[in-house]
Structures are given as structure tokens and as C-alpha cells.
Asker: 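This is the structure I have questions about; it appears just below.
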Amino acid sequence: QAATLRSDLGPLLDQVGTGKESLSFMRRRIRRLAVQWSAAARRLDNRLCSRWREQKRILVHVGFLTEESGDVFSPKVLKGGPLGEMVQWSDILAALYVLGHDLKISVSVKELQRFLGVPPGRGNCPLTGRLPFDLIYTDYHGLQQMKQQMGISLKKHKCHIRVIDSFGTEPAYNHEEYATQHNYRTNWGYWNLNCRQFMTMFPHTPDNSFMGFVAEVMNETDKRITRLNKVDSMAVVYGKEPSMWKLQGKEKFLAILHRYMEIHGTVYYEAQRPPEVPAFVKNHGLLPQQELQQLLRKAKLFIGFGFPYEGPAPLEAIANGCIFLQPKFQPSHSSLNHEFFRGKPTSRQDFCQVDAPFPSMNASKSWPGNPPSPFILPPNSSALVWAPNITAPACWPPLSAMQLLLAQEGVSCVGSCQVEGLICEPAFFPFINNPEAFTGLRVHCEALEAEVNHIFPAVSVEPGECFLQKEPLLYSCAGVQAKHRRLCPCRDFLRGQVAMCKDCV
Ligand code: UDP
């Protein structure tokens, strides 16, 4: 059956349902963006010129919202709890729906059972017959629940699964046996999926797929009005929970800033007990998203205090014409030294609160004289919905885009490609895992072995021993080790569209 673009989001709102504050938040977001989704659907329809697309049967199982996983989020929605995940899930639902797919949504194990065709009370049994979905979007909680319901048949169907995973999962943590033997075993990893099946909130490592989220785009008139209405002396602090304001040294910083600017906050508080923020802060309490956008349209600065990490708010602030200031982390924060990242299946080091490829903006140059123009990165994830089967052997992106590099000692392929203005492309690893790749880079190999190690193919610095990769699941852009120089398959990308290369379009 053909997928036809949909511009009426009403039926989706009915499908999302009610009964939980988290679902209400998602419905509000979808409703608020409905006009923009409809316009986008119409634009895309024109661009596609009625090209035939297959309608996929898609299950979206939001594991973290199920009672069975504890659903710690829903009660916190109105109290400053993490909303970023809900922003992303709303946008995924809206995108899949607008693209015309046959969508089922589940936020309980009971619904999951019903959709998968598992008889109630008969969990952990192999599914008989075919999986009734082409794709299943879920999260780590949902994956665990699917395993409980499907038993060993999960393995058979796992290439249909996409895991929404904000912070990302690196190959060394994903491979069960390797993770167990080499100290990469965490609470979350070791599912032996293809790492491209993990979809992240920000583009951390290309080993995973970058799903992203929607930040609103202003039309030219709104941009002009926003620029005119900016209040030079107005700053908004990034932090909904009082604890985010208590980070060391922030009081002094706020006091100095307050000499020059009016400081606004959106900190949650209960009527009897206002939050412990300095008295000069104009606190609005937790705002509905639309009102937060209005506040950001007036403000000139959006100030990060180091936490929360990697949420949508800074991009929203930039899209509304704010300059985002954030502290640098020295040393960097990672799962090795920081409680928040501990147990997350990544060794990524964060050097600041939102370590994402923002457009470079020189704050001192553009402020307070010239108000910055609202800026928004072009959508990244649209290509993913149609991307070919990401677990199939690579035929996309085209090999002609590949540029092979020899990394410096102790540098990952993410970093090596980045230095050259390129991006690491994990789909190309199988094509460089051969002796010819070393020859092509003029590496003289004293010996050549094939081993299971997440940094291979690579050459040891001393005595020049070359290693090929024996386990395809361990091809890794993120991997890094001192005393080895890695072979890195890089490619170019379109500005703001890292999923695409020049030869891809
Ligand atoms: N948000 C909101 N009201 C507020 C503060 C934030 O609706 O008073 C929204 C904001 O628009 C953003 C989302 O909450 O889209 C997530 O915020 P954040 O970046 O703080 O990420 P989180 O830590 O919640 O994942």
C-alpha cells in the first residue's frame, strides 16, 4: 500500500490518548506544531511529485512511560522533570504520521502484547508467525519488555527495531561478549544490535543514527519582528529545577550579570515554598512551551549552568534569536568521572553542557550591539525515515564519497574526520578492512593479524603491526586507544545535514 502524506493531525491526537501528564504534554506539543507539520507535508508533497512510497506498519512503544518500567517521568512533567525525551517522542510520532505510515502507539505492556499478538499471561514465548510490523521504535525500557514478551524470537526480528537512545550507545558497549570481557558492560548496552539502530537526540557519534528533534522555524516576518523586539538587557537561565541553580559559584556569576541584565528563570515551585533562587531573579515558574518561546523571543541571552545536559532548550533559544552561553568543563564529563553519565553505554567526553555542532557565534562581537538573527539548523532526520534498511550491507551512502584517513595516535575516527571537515562513515568500514587499505595509506606493515577489537582496523605505533577487524559489530567511529593509529573511512556532508553527502542527493 502507498503512503500518502497527511496534513490533518487530529486523528494522531486521538491516538496518543490521555490519562497521563506526559501524554498531555505530547498532545499539546503536536497540536501546537500542527500547522507547521501540515505546511511541511504540503511542501514535501510538491517536492516528491507523487513519487510512490511504501506505507510501513510501524509500532511506537514508549517503554519509559509504561507503569511496568516505573513511569517516573509522568508525575514530574509539571514539576520541572525531564521533558526533552517527550519533545523527541512527540516529534517522532508526528513525523511518522505525517509521512503517511500505518502507526500503532503503545505506552503499556498490555498494549504491546496486544499489538505483537502475544496472548495475555503468556510472556517469554516465541512469537509464532510473522512480526506484524515493519519497524518498531522503542527505547531501552521497551526493548527489555519486548524481550520478556517475545522470548528468543526477539533475536529473529531484531533488525526491525529502532531504539531511541538520547545519549547514544558505542559499539564496544553494544557487543555483549566484548563488553563483558573488556569492562564495557553497563546497565543498558550489550544488545548486539547494529549500532545504527540506536537513534540519538544530538549527533554524537556516527556509529549511531542521528534522529534529532524539531526546533521551530520562524518565517521572515516573525524573524524581523523578533529582532526588533529583543530586549538587550534580558537574560534567561537554562534550568527548570532549583537544584540546577545551586551549582558551585553560580551565585557570584548571577550577581555580576544582574548588574547589567534582568535575569529571568522558569524554575518549578510550589505555592507554599518558592524556589531557592536569588531574589532578583524574575521567576516565571515552569511555563507552557509556547510561553517559553515568547520569553526566548524577547531575551538576548540564554545561560547554561552546566546541567541539564543535551536538552532541546538551547536549540530552541538559538532558533528564537538568543545567544547561548555555557560553561566549559575542565576536565570533561564522561561515564568515567561523572555520576550522571555513569552506566551510560558511551565513553564520550563532554567538554560543555551541550556539546553539539552549533553554528559558531562570537558572542562578544554580536552582543550587545547587533542582535543575532534567529538561526535554525536544517532538519537532519528526514532522510532517516526513508533510509534503506540500516542493518543490510552498505550500498548507501555511495562509496564514491569515501575519503580514507590514517588517524593520529590516540585519536578516534570521529575526531580525525572532523579535523578534515569530514564525518566518519561506519558503513564504509567493511570496505577498508583489508591489506590494500594499509598500502593505500603507505603504511608498512611488519605483520598483519585479524582480531576482535573495537579500534581495528589500525596500526600499532611500535613496531608497526597492522590489525584487521574480525567482528563487524565492533566497527566503531568512536573507538580510541593510545599507541594505535586507526584507519578511518570519512566522507563529506551537507551543511547541517550530516546524514547526507554531496553524492547522496
Ligand atoms: N520547557 C517548557 N517550559 C519550561 C522550560 C522548558 O516547556 O518552563 C520545555 C522546553 O521548551 C524544551 C523541553 O522543556 O523543549 C525540555 O527542556 P530541557 O532542554 O531543559 O531538557 P530536559 O532536561 O527536560 O530533557
Asker: Do Y184 and S347 meet the criterion of a side-chain donor-acceptor pair at a distance under 3.5 Å?
Answerer: no
Asker: Of V163, L96, L103, which meets side-chain contact (heavy atoms from CB on, under 4.5 Å) against Y137?
Answerer: L96
Asker: Output all residues satisfying side-chain contact (heavy atoms from CB on, under 4.5 Å) with V452, sequence neighbours left out; order by chain, then residue number.
Answerer: Y178, K470, E471, L474
Asker: Can you list the steps and then say if Y475 with F456 is a ring pair (Phe, Tyr, Trp, His ring centres under 6.0 Å)?
Answerer: CA-CA 7 Å; Y475 286 130; F456 293 162; over 10 Å; no
Asker: Just wondering, more than 12 heavy atoms not from Q290 lying within 6.0 Å of its CD?
Answerer: no
Asker: So how far is it from T180 OG1 to E177 CD, rounded to the nearest 0.5 Å?
Answerer: 7.5 Å
Asker: Distance check, rounded to the nearest 0.5 Å: Q294 atom CD versus Q289 atom CD?
Answerer: 12.5 Å
Asker: Tell me yes or no: between the side chains of T266 and Y238, is some donor less than 3.5 Å from an acceptor?
Answerer: no
Asker: Please state whether the sulfur gamma atoms of C417 and C477 sit closer than 2.5 Å to each other.
Answerer: no
Asker: If we count only N and O atoms by modelled type, under 3.5 Å, do the side chains of Q145 and T66 hold a donor and an acceptor together?
Answerer: yes
Asker: Quick one: do the T346 and E170 side chains pair a donor with an acceptor below 3.5 Å?
Answerer: yes
Asker: Judged by modelled atom types alone, do S38 and S7 share a side-chain donor-acceptor pair under 3.5 Å?
Answerer: no
Asker: What's the separation between atom NZ in K104 and atom NE2 in H61, rounded to the nearest 0.5 Å?
Answerer: 16.0 Å
Asker: Does either side chain, that of S400 or that of D503, offer a donor lying less than 3.5 Å from an acceptor on the other one?
Answerer: yes
Asker: Cation-pi between K344 and F340: NZ/CZ under 6.0 Å from ring centre and within 45° of the ring axis?
Answerer: yes
Asker: Only one of L93, L83, D91 passes side-chain contact (heavy atoms from CB on, under 4.5 Å) with R29; say which it is.
Answerer: D91
Asker: Output all residues satisfying disulfide (SG to SG under 2.5 Å) with C413, sequence neighbours left out; order by chain, then residue number.
Answerer: C488
Asker: Ring pair (Phe, Tyr, Trp, His ring centres under 6.0 Å) for F213 and F202? Distances and angles first, verdict last.
Answerer: CA-CA 9 Å; F213 55 91; F202 284 96; 5.7 Å; yes
Asker: Step by step, would you call K158 with K147 a side chain to side chain contact (heavy atoms under 4.5 Å, CB included)?
Answerer: CA-CA 10 Å; K158 71 181 183 185; K147 189 177 170 191; over 6 Å; no
Asker: CD1 of I423 to CD of Q418: how many Å apart, nearest 0.5 Å?
Answerer: 8.0 Å
Asker: Centre of Y190's six-membered ring, under 6.0 Å away, within 45 degrees of the axis: is that where NZ or CZ of R185 sits?
Answerer: yes
Asker: Kindly compute the distance separating CG (L65) from CD (E85), expressed to the nearest 0.5 Å.
Answerer: 9.5 Å
Asker: Looking at CG of L154 and CD of Q144, how far apart are the two atoms once the value is rounded to the nearest 0.5 Å?
Answerer: 9.5 Å
Asker: Any luck finding a side-chain donor-acceptor pair between Q469 and N453 under 3.5 Å?
Answerer: no
Asker: Decide if atom NZ of K20 counts as having more than 12 heavy atoms of other residues, nucleotides or ligands within a radius under 6.0 Å.
Answerer: yes
